[in-house]
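Single-structure report; data block below.
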Amino acid sequence: MNPLRKLLDSIEPKVRNNKFAHTVYDGLETFLFQPNTTTSVGTHIKDGMDLKRTMVHVVIALQLCYVLGTYNIGHQHYLALGMYSGLFEGFFLKLMYGLLQLLPIFVVVHLVGLGIEFFFAARKGHSIEEGFLVSGALIPLIMPPDIPLWMVGMATGFAVLIAKEAFGGTGMNILNIALVSRVFVFFAYPGEISGDICWVSYDYNIFHQIFGIEAHTLAFHGWDKLPAKVNEIMVDGFSGATPLALAASGGWEAVQSATLPNGDQQYSIANLLFGILPGSIGETSKVFVIAGAGLMIAAGIASWRIMLSFVLGAAFAGILMNVLHVTAFPDSAFIGVPWYHQFLIGSLLFAMAFMATDPVTAASTNQGKLIYGFMIGVLGMIIRVLNPAYPEGWMLAILFMNIFAPLIDYYVLKSNINRRLSRVA
Amino acid sequence: MSDNSGIKHFTKFIFSLLPSFSKSYLLIIFTGFPFMAFSQSGGGFNLQSVVILLLAATMVLVVFLFFVFGDHLIKDSARVAGYGNKANTFGVLPNKEEVSNIIHHKHAGANKVHKLEKGFDVKIKGKAAKVIEHYDPATYAVKPYDFKGLQPIPKMSVEVGTEVKAGDKLFYDKNYPDIFFTAPVSGEIAEIRRGDKRAIEEIVILSDKRKEFKQFPKLDITTAPRSEIVSLLAESGAWSSFIERPFGLVAKLERVPKSIHISTFDTSPLAPDYAFIMKDRGTHFKKGVEVLKRLTDGKVHINLNAKKKPLPFYSEIKDIQLNWFEGKHPAGLPGIQIHHTDPIDKGDTVWTISPMDTAVIGKLFSEGIYDPERIVAVAGPQVNTPKYYKTYLSANLSGLMSSVKKEGTRFISGNVLTGKQVDPEKGHVGYYDHLISCIKEGDFYELFGWLIPSYPRPSASVTFPWTLFPFEEFDVNTNTHGEERAFVVTGEYEAVLPMDIYPVHLLKAILSRDFDQMEGLGIYEVIEEDFAICEFVCTSKQPAMAILRDGLNYMKEQS
Amino acid sequence: MSLNTNSNSYITIFLLSMVIVVAFLLSFVATGLQPIISKNEEVDKKKKILKSVVFVEESREKEVFTQDFVIDEYNNKIKELVVNYQGDPIEGKTAFELDVKKEFRKPLDERQMPVFVYNDDGGKKYYIVPLIGMGLWDEISGYIALEDDMSTIKGAAFDHKGETPGLGAEISKTKFSERFIGEEIFGEDGEYQFQVLKGTGNLKAEQSTYYIDGLSGATLTIDGVNNMMNEILTDYTTFFDKVKSSS
Amino acid sequence: MSTETATAIQQKSEPLFSKKNQRLVSDPLNDNNPITVQVLGICSALAVTSQVVNAGIMALCVIFVTAFANLTISMLRNYIPNRIRMIVQLVVIATLVTLVSEVLKAAAYDVSKQLSVFVGLIITNCIIMGRLEAFAMANKPWPSFLDGIGNGIGYGIILIGVAFFRELFGAGSLMGIDFASQWPLFTNGIMVLPIASIFLIGIFIWIQRSFNPKLVDIS
């Protein structure tokens with residue numbers, strides 16, 4: 001038999017009496033091995049698909065976003081500091097910088113999240129559920145790249161504790177866990193997640209120092225380029241302003257006319273599509289998000305209904321805004337951004353692909369999903385464009401509709417019930 | 001006929017794709033050729049691109065011709081080898097008849113075909129070959145547990161040692177003293193096996209192999225009053241083959257159903273071919289349907305598979321309704337068919353009966369004997385030579401198991417979704433079952449089985465690579481492939497259940513004991529077997545059937 | 001119980017007597033406490049005015065601005081003044097009691113504009129002007145003190161009703177208001193020049209006395225502050241010019 | 001609470017602090033807490049808990065009002081016409097609240113400004129009305145008084161507990177003394193928003209239920 005199996009079997013008796021240790025053991029065991037349980041009641045055979053596999057496919061669909069996010073952190077960092085402004089200049093340096101910036105965030109999210117999951121699973125005597133696989137993969141992607149680690153930890157802890165465990169664990173939550181963690185940062189530490197400077201990581205953390213990334217900058221570019229002087233470097237021409245912020249102040253023209261210190265266009269269509277721009281870690285790249293969404297739809301894991309109606313809703317609201325711009329508010333810049341360009345800025349597509357489609361918090365009926373997606377699209381666009389205070393609407397729109405999802409389902413079910421009743425009458 | 005021709009399956013599969021655009025990936029591959037050609041030349045027409053296009057087209061043509069010529073060669077050699085007419089079934093390409101069966105569903109004629117898009121076929125290796133063997137074991141056993149809605153301890157009419165003939169009363173339920181359960185063969189009561197709390201598990205009859213039948217009066221169906229017909233059915237033991245909906249219990253004598261449904265095909269995994277089983281029982285069947293017509297106020301519905309040529313006698317019967325269905329499992333279940341043709345509302349009663357039992361009733365009325373002859377398929381990946389056995393109701397299993405690997409095998413009376421596990425030595429075939437499924441036990445660990453599965457397994461999810469080739473049959477086992485979780489994924493039940501019902505919400509209503517919601521969401525229209533495919537595909541591994549039965553019991557208590 | 005508590009006459013008598021008792025009690029308390037309450041209110045407003053000219057860290061605010069200190073400081077050092085749009089004083093009005101919000105809604109020629117003049121121990125004069133405007137969500141207000149060149153800021157203090165905590169709400173902190181100290185409002189040619197910039201860490205703010213850093217992420221509240229200062233201080237320019245030319 | 005009752009006259013046979021009377025005060029602190037168990041008086045718990053001092057003063061006001069409203073109504077309970085008892089209760093509460101509000105404005109103007117309308121809104125605090133209806137109308141003055149004090153304290157400890165965390169993590173200070181506002185951990189924006197109170201009360205209820213087995217069956 002497999003030596004790994006033997007090892008696990010030899011450990012099992014030792015942890016059997018300790019509740020917590022056994023939960024951890026059980027989590028590890030079911031991660032490594034599909035268990036040997038057989039069917040007892042009901043069907044004698046079961047589908048090869050289980051929740052772990054479902055969840056891991058979402059994580060797989062996120063991988064492209066992770067790769068680009070990692071590189072983009074490094075690229076934006078050096079861009080802001082006026083070094084290696086070509087996309088592939090200093091490729092490994094940028095990759096390394098991004099990796100060392102992202103990895104600690106990823107590790108902290110999982111330490112905190114899994115820690116809480118393990119604790120509650122042990123307390124309830126349940127096995128560990130795999131819901132955190134997806135939340136844990138999503139949370140780092142929707143955080144600003146230079147977010148302090150303790151803040152990520154707190155946000156994750158808050159989300160898992162309040163939004164999930166308090167409601168009874170995986171499958172019982174009302175609100176999207178990943179978004180709750182972001183909304184926590186957004187309201188608790190607004191300075192860290194709004195404005196122009198938070199979307200680029202300027203600093204060097206301890207890992208950058210250990211691996212000599214900082215020393216490299218020092219050696220080849222001098223003291224000037226160290227973060228203490230970041231402000232001056234920024235003023236030299238690099239603006240961390242995101243396309244959203246630019247669009248809010250000056251419309252689509254402002255987005256298009258933003259330039260880098262070397263004179264290049266900062267937000268060309270190609271940059272917007274591939275996500276070479278300041279922003280949250282993983283949600284910048286439209287192409288890779290669409291690729292992930294495509295994978296999930298092809299695999300039948302995420303609901304195409306939600307995605308489709310989301311896009312329709314956003315387009316509908318966007319067109320409405322454009323009409324308003326022509327008829328009523330010709331001065332307001334953001335309203336005038338052409339609706340199809342709205343898809344290129346901000347995290348619209350990421351929210352569509354990975355946030356709105358969370359099966360637990362979305363509407364659960366097929367018709368309900370269409371309404372749910374459409375409403376998010378409309379609401380999110382309204383919050384994005386018309387609201388002066390919150391720069392992006394999807395987080396709030398999705399959380400808002402999370403709460404209304406059961407109501408939507410209620411009416412869909414009610415129509416089914418009425419259909420059945422009308423047969424009798 | 002060579003059943004193992006994978007290439008043949010593949011070509012069949014390609015043909016089955018052509019008319020349906022729902023699975024268009026092959027189309028994409030073929031249309032991909034020209035695009036590839038253009039991309040080689042950077043867009044635009046030029047000499048190079050045309051050459052590549054022509055090359056690609058030629059390649060497709062060559063492959064096609066290769067298939068055609070190869071097919072002819074094989075068929076010719078088969079003819080030479082002396083297979084005669086059967087030679088047409090050889091070869092790599094399907095013959096004309098097979099192709100037309102796949103492409104045009106002409107059996108239904110101009111009638112409406114209920115095309116059920118949703119559903120899922122669990123394809124398992126080891127379908128029974130169309131060969132019948134006679135089988136007459138030493139013991140037969142009637143199992144009170146087979147009949148839903150009965151008390152666990154029925155009232156016995158016999159005791160150990162009593163001599164019985166086929167059709168003699170064995171026991172009845174205290175609540176329904178007019179419905180009798182009778183012996184399938186003649187012989188001596190060998191044992192009354194009891195289980196927990198003295199509930200009776202089996203009444204074992206030691207067959208005397210003489211096949212003596214109790215003689216019942218021969219009733220004239222057209223003139224006899226309904227009450228006499230009913231009481232004859234109840235006396236003889238044929239009554240218990242009626243299943244009453246809602247709740248899926250043995251039918252009540254006093255009820256008059258609004259319709260009776262007969263499903264003439266089974267889509268469940270490893271299902272026996274009803275057309276094969278029924279092909280010699282046309283006269284009895286027709287007589288049986290005449291009896292059924294007397295029992296209902298409404299119509300007798302005979303539900304046919306639009307994809308297969310039906311047995312001729314189905315369409316010969318007058319004054320019945322023929323319904324044509326096409327689709328994956330569970331399209332063959334009467335519950336789904338009723339939902340689409342004659343839905344059950346609150347207060348309605350509908351009965352279902354299998355065509356085989358209808359034939360038994362026909363024989364009862366034409367010859368006056370209760371002769372529950374059964375053709376049982378023994379199938380599954382664990383069976384060396386899966387085939388059919390001609391025997392009687394509730395036959396002992398031990399003799400059927402000669403060709404089955406016994407080690408690590410689970411024996412199931414019925415199909416792998418709804419059947420019951422039985423003991424291969426002492427067990428007997430269930431009352432309503434025409435199939436013994438033999439599959440592997442899945443009590444083993446699999447390293448990263450959830451991520452990188454080490455062997456193919458059936459799944460409705462397309463995340464498994466082999467789901468791209470829908471012709472594949474699987475060697476299944478009973479592993480749960482994951483642990484039980486809360487309902488997380490939505491829409492997967494709906495995707496396989498071709499009914500206008502919200503299964504997950506119905507189950508949740510049951511769990512929260514919400515009477516009105518259960519009723520509103522259509523609990524009367526379903527019984528466990530309808531939800532079996534939902535339970536199979538469930539990624540959260542929820543016991544959907546058990547929950548539904550729980551709900552049905554609750555509804556029955558409340559109403 | 002012989003008493004029929006449900007008869008109409010009993011209820012009427014009960015209610016009447018209760019109302020009388022309560023009315024007496026409350027009016028007694030109210031009249032007794034009124035002087036103290038109105039004094040409290042007065043001190044509160046005076047403190048706000050003083051905060052713009054006497055810079056004190058938030059942590060020490062409570063120790064410094066005691067009731068006695070506020071009253072002494074205000075009564076001894078502040079001279080109230082009401083001017084019209086041409087900068088001429090209006091007699092018979094007390095600046096302290098003017099409803100600033102109402103005044104700044106009136107057309108310019110009807111407006112009565114309060115000015116508080118602070119005379120410090122060294123004989124210097126500081127001119128304090130009330131500010132009022134709209135932030136992101138609700139009203140923002142404040143006082144700004146100018147030195148007698150009528151351009152250099154001596155100090156400022158802001159208040160808000162409902163700005164976003166952590167972002168716009170930061171304007172009421174001394175961390176923000178201390179940035180105003182020493183900056184200049186009007187350029188060489190007398191044009192309004194001063195601006196709170198977007199975000200922090202602006203090089204422009206370090207180099208020029210017309211610009212200060214804002215609050216990152218609170219663009220719209222800062223816009224409100226800029227608008228408020230621009231509008232109101234521009235309205236005062238004629239008065240400022242008069243003061244400058246007279247001195 | 002014992003100090004203020006030292007002057008009370010020994011009544012009848014029952015001792016002043018019998019087991020029963022002690023329970024009147026201790027029950028609302030845990031098993032029957034007006035906020036975490038009965039879930040009353042949430043509105044003011046959300047609004048006035050941004051600072052410990054404010055919450056403490058609010059709590060004192062509520063303790064005063066509940067205690068004396070209970071006392072007054074209990075003394076009058078045999079004379080109050082049943083048809084207008086709600087109005088009488090309301091008048092008593094309103095009088096007491098107005099008193100409190102006036103005194104507060106005179107004694108602690110800053111605090112009264114921050115508490116703004118919420119002192120006035122004590123009138124609508126369901127705890128007080130609830131205690132009057134449920135307890136004072138049917139019990140003797142002394143137990144009613146104790147019940148009022150108990151419920152007021154039960155309300156107060158939750159209020160102060162919530163305010164403690166909100167002030168500590170929201171403003172980085174405690175009792176108005178700033179000691180940590182330079183650290184971002186202690187300037188949590190959510191804690192400044194009233195919504196934090198909902199989370200905190202929820203967590204309090206969670207903790208209380210996991211330690212108090214008596215409460216589990218109630219839900």
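Numbers restart at 1 for each chain; the letters A, B, ... are given by sequence-line order, proteins then strands.
Proximity to chain A is absent for every atom of B:E529, based on heavy atoms less than 4.5 angstrom apart. With a 4.5 Å cut-off on non-hydrogen atoms, B:V122 touches chain A through its side chain but not through its backbone. At a 4.5 Å heavy-atom cutoff, the contact between A:I301 and chain B is made by side-chain atoms alone. Heavy atoms of A:V56 lying under 4.5 Å from chain B belong exclusively to its side chain. With a threshold of 4.5 angstrom between heavy atoms, B:I412 approaches chain A through side-chain atoms but not through N, CA, C or O. For a residue to count as touching a neighbouring chain, one of its non-hydrogen atoms must lie under 4.5 Å from one of that chain's; by this rule A:S364 touches chain B with backbone and side chain alike. With a 4.5 Å cut-off on non-hydrogen atoms, B:F444 touches chain A through its backbone but not through its side chain. Contacts of B:I533 with chain A are absent, with no heavy-atom separation under 4.5 Å from either backbone or side chain. Residue B:E525 touches chain A through its side chain alone, counting heavy-atom pairs closer than 4.5 Å. Of the two parts of B:D348, neither the backbone nor the side chain holds a non-hydrogen atom closer than 4.5 Å to a non-hydrogen atom of chain A. Residue contact with chain B, scored on non-hydrogen atoms closer than 4.5 Å, is absent for A:R305. Only the backbone of A:A298 has a heavy atom closer than 4.5 Å to any heavy atom of chain B. For B:L548, no part lies under 4.5 angstrom from a heavy atom of chain A. Residue A:S303 does not touch chain B at all, counting heavy-atom pairs closer than 4.5 Å. With a threshold of 4.5 angstrom between heavy atoms, B:F448 approaches chain A through its backbone and through its side chain.
A donor-acceptor pair under 3.5 Å links the side-chain atoms of B:E535 to the main chain of A:T43, judged by distance alone. Side-chain atoms of A:R420 come within 3.5 Å of backbone atoms of B:D500 as a donor-acceptor pair (strictly under, hydrogens ignored).
At a threshold of 4.0 Å, the pair A:K369-B:E494 does not count as salt-bridged, since none of the basic side-chain nitrogens sits closer than that to a carboxylate oxygen. Of the charged side-chain nitrogens involved, at least one lies within less than 4.0 Å of a carboxylate oxygen, so that B:E483 and A:K52 count as a salt-bridged pair.
Taking each heavy atom of A:L413 and B:Q517 in turn, the nearest pair found is CD1-NE2, 3.6 Å. Heavy atoms only, all atoms of each residue included: B:P343 and A:R423 are closest at CB-CZ, 3.4 Å. When all heavy atoms of A:G171 and B:A486 are compared, the pair lying nearest together is CA-CB, 4.4 Å. B:Y445 and A:F33 get closest at one heavy-atom pair: CB-CD2, 3.7 Å.
Between the side chains of B:R485 and A:T170, no donor-acceptor pair is found at a separation under 3.5 Å. Defined by atom type and a distance below 3.5 Å, a donor-acceptor pair is missing between the side-chain atoms of A:R53 and B:S461.
Highest contact tally toward chain A, considering only B:V504, B:T463, B:T490, B:I501, is held by B:T463 [criterion: heavy-atom pairs under 4.5 Å]. Ranked by heavy-atom pairs shorter than 4.5 Å toward chain A, the options B:K420, B:Q421, B:E446 are led by B:E446. Heavy-atom pairs under 4.5 Å with chain A peak, among B:T418, B:N415, B:V489, at B:V489. Chain A forms the most heavy-atom pairs under 4.5 Å with one residue out of B:V488, B:V462, B:L451, and that residue is B:V488. Counting heavy-atom pairs under 4.5 Å between each of B:F536, B:F120, B:F487 and chain A puts B:F536 at the top. Chain B forms more heavy-atom pairs under 4.5 Å with one residue of A:L32, A:T54, A:V360 than with any other, namely A:L32. Your options are B:D516, B:V537, B:L447, B:D443, and the one with the most heavy-atom pairs under 4.5 Å with chain A is B:L447. Between chain B and the options A:N366, A:L295, A:T30, A:V41, heavy-atom pairs under 4.5 Å are most frequent for A:T30.
Within 6.0 Å of the OH atom in A:Y410, the count of heavy atoms belonging to other residues, nucleotides or ligands does not exceed 12. Within a 6.0 Å radius of CZ in A:R419, other residues, nucleotides and ligands contribute more than 12 heavy atoms. Sparse packing is recorded around CG of B:D196, with 12 or fewer heavy atoms of other residues, nucleotides or ligands lying under 6.0 Å away. Within 6.0 Å of NZ in A:K414 there are 12 or fewer heavy atoms belonging to other residues, nucleotides or ligands. Within a 6.0 Å radius of OH in B:Y455, more than 12 heavy atoms belonging to other residues, nucleotides or ligands are found. The environment of OH in B:Y145 is crowded: more than 12 heavy-atom neighbours from other residues, nucleotides or ligands sit within 6.0 Å.
The distance from the NE2 atom of A:H44 to the CD atom of B:E441 is 9.5 Å, given to the nearest 0.5 Å. With rounding to the nearest 0.5 Å, the separation of CD in B:E484 from CG in A:L51 is 11.5 Å. For the atom pair NZ of A:K46 and OG1 of B:T539, the computed distance is 10.5 Å after rounding to the nearest 0.5 Å.
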Discussion item. Apply side chain to side chain contact (heavy atoms under 4.5 Å, CB included) to residues A:V412 and B:Y502 and explain how you reach the verdict.
Written reply: CA-CA 10 Å; A:V412 172; B:Y502 289 97; 3.3 Å; yes
Worksheet item: Between B:R410 and A:T38, does a side chain to side chain contact (heavy atoms under 4.5 Å, CB included) hold up when you go through it step by step?
Response: CA-CA 11 Å; B:R410 181 178 289 196; A:T38 57; 3.7 Å; yes
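Each of A:D47, A:I45, A:T37 was scored for a side-chain contact (heavy atoms from CB on, under 4.5 Å) with B:T480, with one residue passing: A:T37.
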